[in-house]
Amino acid sequence: MTCIFCEIVRGNAPAFKVHEDDHTLTFMDIFPVSRGHALIIPKDHFENLFEANEESLARIVTRSLALAKAIRRVIAPDGLGVYQLNGAAAGQTVFHYHMHLIPRFKGGRLDLHSRVRGKDADLEAVSREIAAALEAG
Ligand code: AMP
Ligand code: ZN
């Protein structure tokens with residue numbers, strides 16, 4: 001079975017990329033729960049936390065620090081949810097490890113998923129804004 005996130009890593013599927021290094025890729029979730037909803041993935045395929053190694057996890061968590069600050073600068077949310085689901089029973093739907101960063105607002109619903117696909121133009125715009133904020137440090 002092909003893995004959509006591996007296809008994105010290989011450049012065979014499109015993504016609104018925010019950051020890339022040798023080991024990780026950051027891109028916008030195409031069904032964003034809120035504007036700025038981003039995913040960080042390892043380039044190496046492993047299904048979830050139970051199959052992870054410490055080195056890969058450390059790289060993802062390290063990336064999440066800079067990304068969280070960049071999202072805060074661009075979106076100015078009231079809070080930021082950092083989620084990672086393991087197994088279908090926990091709500092995992094893509095079986096390639098990923099960390100969600102989801103801007104949250106006071107009084108808003110705490111949904112983990114959205115059924116509304118983001119508009120390409122919006123996803124593109126916010127990916128550029130967050131990438132620029134990351135570059136600016
Ligand atoms: P999870 O339920 O934690 O496995 O989340 C998977 C996430 O991946 C969902 O929020 C989906 O909207 C998102 N997703 C699925 N396919 C793609 C894709 N091709 N590009 C970006 N995000 C995706
Ligand atoms: Zn994969």
Side-chain angles (χ1 to χ4, degrees):
M1 222 172 77
T2 54
C3 167
I4 183 60
F5 287 178
C6 282
E7 290 300 292
I8 289 172
V9 168
R10 293 188 194 111
N12 296 334
F16 298 96
K17 294 182 185 175
V18 168
H19 181 271
E20 180 164 14
D21 60 27
D22 287 348
H23 300 285
T24 70
L25 182 63
T26 302
F27 53 97
M28 305 316 297
D29 195 300
I30 46 165
F31 290 85
V33 169
S34 67
R35 186 168 190 267
H37 180 176
L39 304 172
I40 309 173
I41 68 168
K43 287 191 168 177
D44 288 340
H45 180 97
F46 54 90
E47 192 165 311
N48 57 40
L49 184 60
F50 297 109
E51 295 182 357
N53 64 68
E54 291 182 359
E55 205 180 12
S56 294
L57 284 183
R59 289 191 186 111
I60 305 269
V61 172
T62 299
R63 282 311 314 157
S64 75
L65 176 58
L67 182 64
K69 289 178 177 171
I71 290 173
R72 185 172 62 181
R73 198 170 313 159
V74 171
I75 307 289
D78 296 322
L80 183 75
V82 178
Y83 302 100
Q84 192 272 306
L85 309 174
N86 301 284
Q92 186 176 11
T93 58
V94 174
F95 295 92
H96 178 131
Y97 181 100
H98 50 279
M99 176 183 279
H100 295 259
L101 279 79
I102 307 181
R104 297 295 194 184
F105 296 88
K106 283 180 197 146
R109 291 160 53 103
L110 290 175
D111 294 336
L112 291 175
H113 298 103
S114 166
R115 289 189 181 165
V116 183
R117 194 194 182 289
K119 293 194 175 77
D120 282 0
D122 293 341
L123 295 168
E124 168 84 28
V126 76
S127 72
R128 284 178 190 270
E129 286 179 58
I130 296 170
L134 266 179
E135 289 258 320

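Only this structure's heavy atoms are used, side chains among them; waters, hydrogens and symmetry mates stay out. Predicted, not measured: the structure shown is a model, and the values here were computed from it.
Closest approach of G87 to N48, counting heavy atoms only: N-ND2, 3.7 Å. In plain terms, the two heavy atoms of A13 and I4 that are nearest each other are CB-CD1, 3.8 Å. Among all heavy-atom pairs drawn from I60 and P42, the shortest one is CD1-N, 3.4 Å. The two residues P77 and P103 come nearest to each other via the heavy atoms CB-CB, 3.7 Å. Nearest approach of V33 to D111, heavy atoms of both residues: CG1-O, 3.5 Å.
The environment of R117 atom CZ is dense: over 12 non-hydrogen atoms of other residues, nucleotides or ligands sit within 6.0 angstrom. Open room surrounds CG on D44; 12 or fewer heavy atoms of other groups in view lie less than 6.0 Å from it. More than 12 heavy-atom neighbours from other residues, nucleotides or ligands sit within 6.0 angstrom of CZ on R73. For R59, the CZ atom is densely surrounded, since the number of other residues' heavy atoms within 6.0 Å is greater than 12.
Under the 4.5 Å side-chain heavy-atom criterion for Ile, Leu, Val, Met, Phe, Trp and Tyr, V94 and I41 are members of the same hydrophobic cluster. Linking Ile, Leu, Val, Met, Phe, Trp and Tyr whenever their side-chain heavy atoms come within less than 4.5 Å puts L134 and V74 in one cluster. By the rule that hydrophobic residues join a cluster once side-chain heavy atoms approach within less than 4.5 Å of another member, L25 and V82 end up as members of separate clusters. By the rule that hydrophobic residues join a cluster once side-chain heavy atoms approach within less than 4.5 Å of another member, I102 and M99 end up as members of separate clusters. Residues L85 and M28 fall into different hydrophobic clusters, defined by Ile, Leu, Val, Met, Phe, Trp and Tyr side chains chained together at heavy-atom separations under 4.5 Å.
With rounding to the nearest 0.5 angstrom, the CD1 atom of I40 is 9.5 Å from the NE2 atom of H19. In this structure, CZ in F16 is found 8.5 Å from CD1 in I30, a value given to the nearest 0.5 Å. Rounding to the nearest 0.5 angstrom, the gap separating the NZ atom in K69 from the CD1 atom in I130 is 16.0 Å. Between atom CZ of residue F95 and atom CD of residue E51 there is a gap of 11.0 Å, rounded to the nearest 0.5 Å. Between the CG atom in L101 and the CZ atom in R63 there is a gap of 11.0 Å [rounded to 0.5 Å]. How far CZ of F27 is from NE2 of H98: 8.5 Å, rounded to the nearest 0.5 Å.
Proximity of L80 to R104: side-chain heavy atoms (C-beta onward) are nowhere separated by under 4.5 Å.
In this pair, Y97 and F46 present their aromatic rings tilted. The plane angle is within the 30 to 60° band.
With D78 contributing its side chain and K106 its backbone, the two residues share a donor-acceptor pair below 3.5 Å. Side-chain atoms of Q92 come within 3.5 Å of backbone atoms of E47 as a donor-acceptor pair (strictly under, hydrogens ignored).
H96 pairs with exactly one of K43, H45, E7 by the side chain to side chain donor-acceptor pair (under 3.5 Å) rule, that one being H45.
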Checklist entry - Run the side-chain contact (heavy atoms from CB on, under 4.5 Å) check on R35 and D122 step by step: do they pass? => result CA-CA 8 Å; R35 186 168 190 267; D122 293 341; 5.7 Å; no
